[in-house]
Amino acid sequence: MAPGGPGYRRMSFALFLAGVATFALLYSTQALLPLISADLGASASTASWTVSAATGALALCVLPLSALSERYGRRTLMTASLAVAVVVGLLVPLAPSVGALIALRAVQGAALAGLPASAMAYLAEEVRPKALVAAIGMFVAGNSIGGMSGRIVTGWVAQAWGWRWALAVVGAVAVLCALAFRALLPAPRHFTPGTLSPRSLGRTVRTHLANPLLCRLYAIGALFMTVFGAVYTVIGYRLTEAPFSLPQGVIGSIFLVYLVGTASSAAAGKLVGRLGRRGALYLGAGTTAAGLLLSLSSALLLVLLGLVLITAGFFAGHAVASSSVSRTATTGRAQASALYQSAYYVGSSAGGTLGAVAFHSGGWGGTVALGVLAVTGVVGITLYGTRVARGLTAAGAHH
């Protein structure tokens, strides 16, 4: 498929909706953490596990589920994953305790693991190579819209009726997205079933992990997501405190900043065309770092501008790194994408938990310090990749 061709628009919209449902469900408790803390008597660090358990379970399950997609098909697995996740989404608001809430969220994260890697593999198989970055950018844009709308809706609904009703509304929206996704997504035409052998899966994974470029891309995805997970897990606590003291609905609306991520991930293809892959990663890292430093201000406008820059930098970097994985892996694309998603969501879990711990011990400055450390890691890895590439070019010139 290619832009303007038959089925491309339906496919784009279907995967956009899958992205919306995935992120709306995955991060549904994030904007509600101060309310959950107050209602269930949980500390910021404990409440943050309602996010980290979901992303951590996703990180653990994405590789085995990607193997199932090699056997049973991308569309089948994505449909099954969404179905289980939305059913659990309708049970989450009924959780009687913080422990039960964390357990349900872990099950939900495990179910959602079937989506990201299968979606990337589906696109790599069904879309022409030149249109791949744009198509993946569209899926990532769906992620950002889902993440944003989920948090905004929960913020305002929670302010009026409490956090349980907020989670129920997100569950209902995800059900509608799942039904539309299944109705719209074209049947795959270029999928050939593989064998479901643990040995061949292990061999494929070892091959990918032996590829230095793929490993660098995995580390970059994890570090970018560490920043993002830390910032957005803790920002609600910071803004409910003095000097800001904002109400829950307004805090939820701050996630409108995600629209910047929608634009920057959709523009990732053009960025790579202009600056090259590494240039685009430097730009993403620099923008994120500038945002982190701005967010230290006690002026609300500067904090919001900081969040805009962090979000733009993160989504651009993530779209570049994830599409580079799909281009770099010539075989076992689902596993290559799954390893990226694993690293990415390990980063999210680590960022959420460490960000909450840093905030608890050092305030917002502690969370920013963690973020700056992670961004420095991205720049270091990208610089190393540039040196390796130059070395290979020089060696080729000698021969």
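By convention here, the first residue in the shown sequence is residue 1. Because the structure is a prediction, the values reported are computed rather than measured.
By the 6.0 Å contact criterion, CZ on Arg9 is open, its count of non-hydrogen atoms from other residues, nucleotides or ligands being 12 or less. Heavy-atom contacts from other residues, nucleotides or ligands closer than 6.0 Å to CZ of Arg327 number 12 or fewer. More than 12 heavy atoms of other shown residues, nucleotides or ligands fall within 6.0 angstrom of atom CZ in Phe244.
Ring geometry for Trp364 against Phe359 counts as perpendicular: the plane angle is over 60°, on a 0 to 90° scale with 30° as the lower cut.
For the atom pair Ser297 OG and Leu301 CG, the distance stands at 9.0 Å (nearest 0.5 Å). For the atom pair CZ of Arg216 and CZ of Arg278, the computed distance is 8.0 Å after rounding to the nearest 0.5 Å. The line from OG1 of Thr22 to CZ of Phe181 is 8.5 Å long, rounded to the nearest 0.5 Å. With rounding to the nearest 0.5 Å, the separation of CH2 in Trp49 from CD1 in Ile102 is 8.5 Å. In this structure, CE in Met225 is found 9.5 Å from CD in Gln341, a value given to the nearest 0.5 Å. Atom CZ of Arg390 is separated from atom CZ of Arg387 by 9.5 Å, given to the nearest 0.5 angstrom.
Val227 and Ala374 make their closest contact through CG2-CB, 3.6 Å (heavy atoms, listed as atom of the first residue, atom of the second, distance). Annotation for Leu185 and Arg75: closest pair O-NH1, 2.9 Å, computed over non-hydrogen atoms. Leu115 and Ala18 get closest at one heavy-atom pair: CD2-CB, 3.9 Å. Scanning all heavy atoms of the two residues, the minimum distance from Thr50 to Arg105 falls at O-NE, 2.8 Å. In terms of heavy-atom proximity, Thr288 sits nearest to Ile310 at O-CG1, 3.7 Å. Pairing each heavy atom of Tyr27 with each of Ser348, the nearest pair is OH-OG, 2.9 Å.
Inter-residue side-chain proximity for Leu65 and Ser118 is flagged as unmet; no heavy-atom pair is nearer than 4.5 Å. Counting heavy atoms from C-beta on, the side chains of Tyr282 and Thr386 come closer than 4.5 Å. Contact check for Tyr345 versus Val62: no side-chain heavy atoms found under the 4.5 Å cut-off. In this structure the side chain of Val260 never reaches within 4.5 angstrom of the side chain of Leu307, judged on heavy atoms. In this structure the side chain of Val170 reaches within 4.5 angstrom of the side chain of Leu25, judged on heavy atoms. Counting only heavy atoms from C-beta outward, the side chains of Leu300 and Leu246 approach each other to under 4.5 Å. Side-chain atoms of Pro188 and Arg74, non-hydrogen and from C-beta on, never get closer than 4.5 Å to each other. For the pair Val86/Leu90, no side-chain contact is recorded, criterion being any heavy-atom separation below 4.5 Å from C-beta on.
With Ser253 contributing its side chain and Ile152 its backbone, the two residues share no donor-acceptor pair below 3.5 Å. A donor-acceptor pair is defined here as one N or O able to donate and one able to accept, closer than 3.5 Å; no such pair exists between the side chain of Trp163 and the backbone of Ala158. Of the possible polar contacts, one joining the Gln248 side chain to the Ala31 backbone as a donor-acceptor pair under 3.5 Å is found. Looking at Thr233, its side chain never comes within 3.5 Å of a backbone N or O of Gly352 through a donor-acceptor pair. The backbone N or O of Gly363 sits nowhere less than 3.5 Å from a side-chain atom of Arg238 that would complete a donor-acceptor pair. Side chain of Gln335 to backbone of Leu63: no donor-acceptor contact under 3.5 angstrom is found. Remark: side-chain polar atoms of Ser342 are paired, donor with acceptor, to backbone N or O of Ala59 under 3.5 angstrom. The closest donor-acceptor contact from the side chain of Glu126 to the backbone of His190 lies under 3.5 Å. Ser323 contributes a side-chain N or O that, together with a main-chain N or O of Val320, makes up a donor-acceptor pair within less than 3.5 Å.
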- Message: The test is side-chain contact (heavy atoms from CB on, under 4.5 Å); show your working for Ile254 and Arg151 and say whether it passes.
- Response: CA-CA 9 Å; Ile254 279 166; Arg151 290 162 169 110; over 6 Å; no
- Task: Let me see the working for Tyr237 and Ser48 under side chain to side chain donor-acceptor pair (under 3.5 Å), right down to the final yes or no.
- Result: CA-CA 11 Å; Tyr237 289 100; Ser48 75; over 6 Å; no
- With side-chain contact (heavy atoms from CB on, under 4.5 Å) as the test, would you mind laying out the steps for Val92 and Leu101 before giving the verdict? CA-CA 6 Å; Val92 162; Leu101 182 59; 3.6 Å; yes
- Step by step, work out the side-chain contact (heavy atoms from CB on, under 4.5 Å) result for Leu209 and Leu214. CA-CA 7 Å; Leu209 292 177; Leu214 282 177; over 6 Å; no
- Message: What verdict does the side chain to side chain donor-acceptor pair (under 3.5 Å) test give for Thr55 and Ser349, after you've listed the backbone C-alpha separation in whole Å, the side-chain angles of each residue and the deciding distance to 0.1 Å?
- Response: CA-CA 6 Å; Thr55 52; Ser349 285; 2.7 Å; yes
- Message: Please determine whether side-chain contact (heavy atoms from CB on, under 4.5 Å) holds for the pair Val303 and Leu296, giving the CA-CA distance in whole Å, both sets of side-chain angles, and the decisive distance to 0.1 Å.
- Response: CA-CA 7 Å; Val303 173; Leu296 288 166; over 6 Å; no
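Two different hydrophobic clusters hold Val20 and Val157 under the rule that ILVMFWY side chains link at heavy-atom gaps under 4.5 Å. Val308 and Phe315 fall within a single hydrophobic cluster, where Ile, Leu, Val, Met, Phe, Trp and Tyr side chains are chained together by heavy-atom contacts under 4.5 Å. In the hydrophobic clustering of this structure, Val205 groups with Tyr218; members are Ile, Leu, Val, Met, Phe, Trp, Tyr whose side-chain heavy atoms approach within less than 4.5 Å, directly or through other members. Neither Val175 nor Val153 shares a network with the other; the hydrophobic side chains, linked directly or stepwise wherever heavy atoms of I, L, V, M, F, W or Y lie under 4.5 Å apart, form separate groups for each. In the hydrophobic cluster analysis, where Ile, Leu, Val, Met, Phe, Trp and Tyr join through side-chain heavy atoms closer than 4.5 angstrom, Leu304 is grouped together with Leu256.
Among Phe139, Phe224, Tyr344, the one residue that satisfies the ring pair (Phe, Tyr, Trp, His ring centres under 6.0 Å) test with His318 is Tyr344.
Taking the six-membered ring where the residue is Trp, the centroids of Phe228 and Tyr232 are separated by under 6.0 Å.
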